Amino acid sequence: MAYLCPKCKQSVVVEESEFRLAAAPIQFPCPCGGSVLGVEMEADHVDLTVPCVYCGEDHHVRCSAHGFLHEKALAFSCKVTGLDCLYVGEEGAVFQALRRLEEATAGWEQKSEDEPFLNETIMSEILGELKEIAARGGLSCRCGSKKYKVKVKFSSVELECGECGARMRLPAATGEDLEELCCQYTLLIGGKEQG
């Protein structure tokens with residue numbers, strides 16, 4: 001698990017066993033004492049109290065215990081800004097996501113209040129890439145539909161299937177987000193495969 005402390009702005013990385021997490025609720029404080037990540041595991045779900053570097057509040061989220069323990073990487077976002085504030089998963093995937101979070105946070109601190117996106121240049125390029133993927137027929141849903149809606153947010157783009165409502169969130173805050181999308185020939189909404 002990894003998050004950025006709202007007080008000292010440093011990365012807090014925690015490695016813990018499934019057995020210890022299941023035994024009792026655990027709190028993981030930042031060494032500065034300015035924030036605490038709370039984890040309470042139940043049989044079928046996990047409740048998390050996540051400190052947020054963007055809005056300064058704690059977010060209370062719930063996810064399935066299976067996903068929390070077995071997904072390669074999960075991202076939990078700030079409800080105010082839409083930016084990621086916690087990563088859970090395998091070490092390599094979490095550290096890679098944490099690097100992107102640190103880059104996005106640096107952009108957040110330099111941003112002026114009248115800008116509609118965290119990084120307007122990256123957002124423009126992301127939307128251009130999506131347009132190209134769609135133009136070549138590379139955007140579809142697992143249900144088979146090629147109908148979709150696009151919601152542009154502060155630091156991400158959300159694709160929603162026009163038939164079944166499945167969603168896919170694409171981060172649009174950093175150069176790495178753009179590079180990752182540029183490597184995709186197709187996008188499959190509602191599925192993990194991206195070609």
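Every value quoted in this text rests on a predicted model; they were computed, and no experiment measured them.
- Minimum heavy-atom separation, Ala2 to Val13: CB-CG2, 4.2 Å.
- Side-chain N or O atoms of Lys146 include one that pairs as donor or acceptor with a backbone N or O of Gly137 at under 3.5 Å.
- Going from atom CG of Asp84 over to atom CG of Leu98 covers 11.0 Å, rounded to the nearest 0.5 Å.
- Heavy atoms only, all atoms of each residue included: Ile189 and Met168 are closest at CG2-N, 4.1 Å.
- With respect to Glu160 and Arg167, a salt bridge is recorded, a charged nitrogen being found less than 4.0 Å from a carboxylate O.
- One hydrophobic cluster holds both Leu178 and Met123 under the rule that ILVMFWY side chains link at heavy-atom gaps under 4.5 Å.
- Note: the hydrophobic cluster containing Val88 also contains Ile26 (ILVMFWY, side chain heavy atoms under 4.5 Å, direct or indirect links).
- Tyr3 and Phe95 fall into different hydrophobic clusters, where Ile, Leu, Val, Met, Phe, Trp and Tyr are joined by side-chain heavy atoms under 4.5 Å apart, directly or via other members.
- Here the CZ-CG distance, from Arg169 to Leu159, works out to 11.5 Å after rounding to the nearest 0.5 Å.
- Within the 4.5 Å cutoff, the side chain of Val36 has no heavy atoms near those of the Cys30 side chain.
- The minimum heavy-atom distance between Ala166 and Gly190, with the atom names listed, is CB-CA, 3.9 Å.
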- Hey, mind stepping through Phe28 and Val12 against side-chain contact (heavy atoms from CB on, under 4.5 Å) and telling me if it holds? CA-CA 9 Å; Phe28 301 101; Val12 180; 5.7 Å; no

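- Between Lys72 and Glu90, none of the side-chain N atoms (NZ, or NE/NH1/NH2) sits under 4.0 Å from a carboxylate O, so this pair counts as no salt bridge.
- Of the N and O atoms on the side chains of His60 and Thr49, at least one donor lies less than 3.5 Å from an acceptor on the other residue.
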- Message: Evaluate Leu187 against Leu130 for side-chain contact (heavy atoms from CB on, under 4.5 Å), listing each step before the verdict.
- Response: CA-CA 9 Å; Leu187 292 173; Leu130 282 173; 3.5 Å; yes

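- The distance from atom CD of Glu125 to atom SG of Cys182, rounded to the nearest 0.5 Å, is 7.5 Å.
- For Lys9 against Pro6, the heavy-atom pair with the smallest separation is NZ-O, 2.7 Å.
- Minimum interatomic distance between Asp47 and Arg62 (heavy atoms only, all atoms of both residues): OD1-NE, 2.7 Å.
- Val94 and Leu48 are members of different hydrophobic clusters when ILVMFWY side chains are connected at heavy-atom separations under 4.5 Å.
- At most 12 heavy atoms of other shown residues, nucleotides or ligands fall within 6.0 angstrom of atom NE2 in His66.
- If you chain together hydrophobic residues whose side chains sit under 4.5 Å apart, Leu86 and Leu21 fall into the same group.
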- Item | Chi angles and distances behind the side-chain contact (heavy atoms from CB on, under 4.5 Å) call for Met1, Phe68 | CA-CA 10 Å; Met1 297 175 280; Phe68 183 83; 3.9 Å; yes

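- In this structure, the separation between SG on Cys32 and CD on Gln10 is 8.5 Å, given to the nearest 0.5 Å.
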- Query: How far apart are the C-alpha atoms of Val50 and Leu37, what are their side-chain angles, what is the distance that settles it, and do they pass the side-chain contact (heavy atoms from CB on, under 4.5 Å) test?
  - Reply: CA-CA 5 Å; Val50 182; Leu37 171 65; 4.2 Å; yes

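- In terms of heavy atoms, Asp177 sits closest to Ala172 at OD2-N, 3.7 Å.
- Using a 4.5 Å heavy-atom cutoff, the side chains of Cys85 and His59 are in contact.
- Remark: Gln184 CD to Glu129 CD distance equals 10.0 Å, nearest 0.5 Å.
- One finds the CG atom of Leu181 at 4.5 Å from the CD1 atom of Ile133 (value rounded to the nearest 0.5 Å).
- Counting heavy-atom neighbours within 6.0 Å of Glu16 CD, excluding the residue itself, gives a total above 12.
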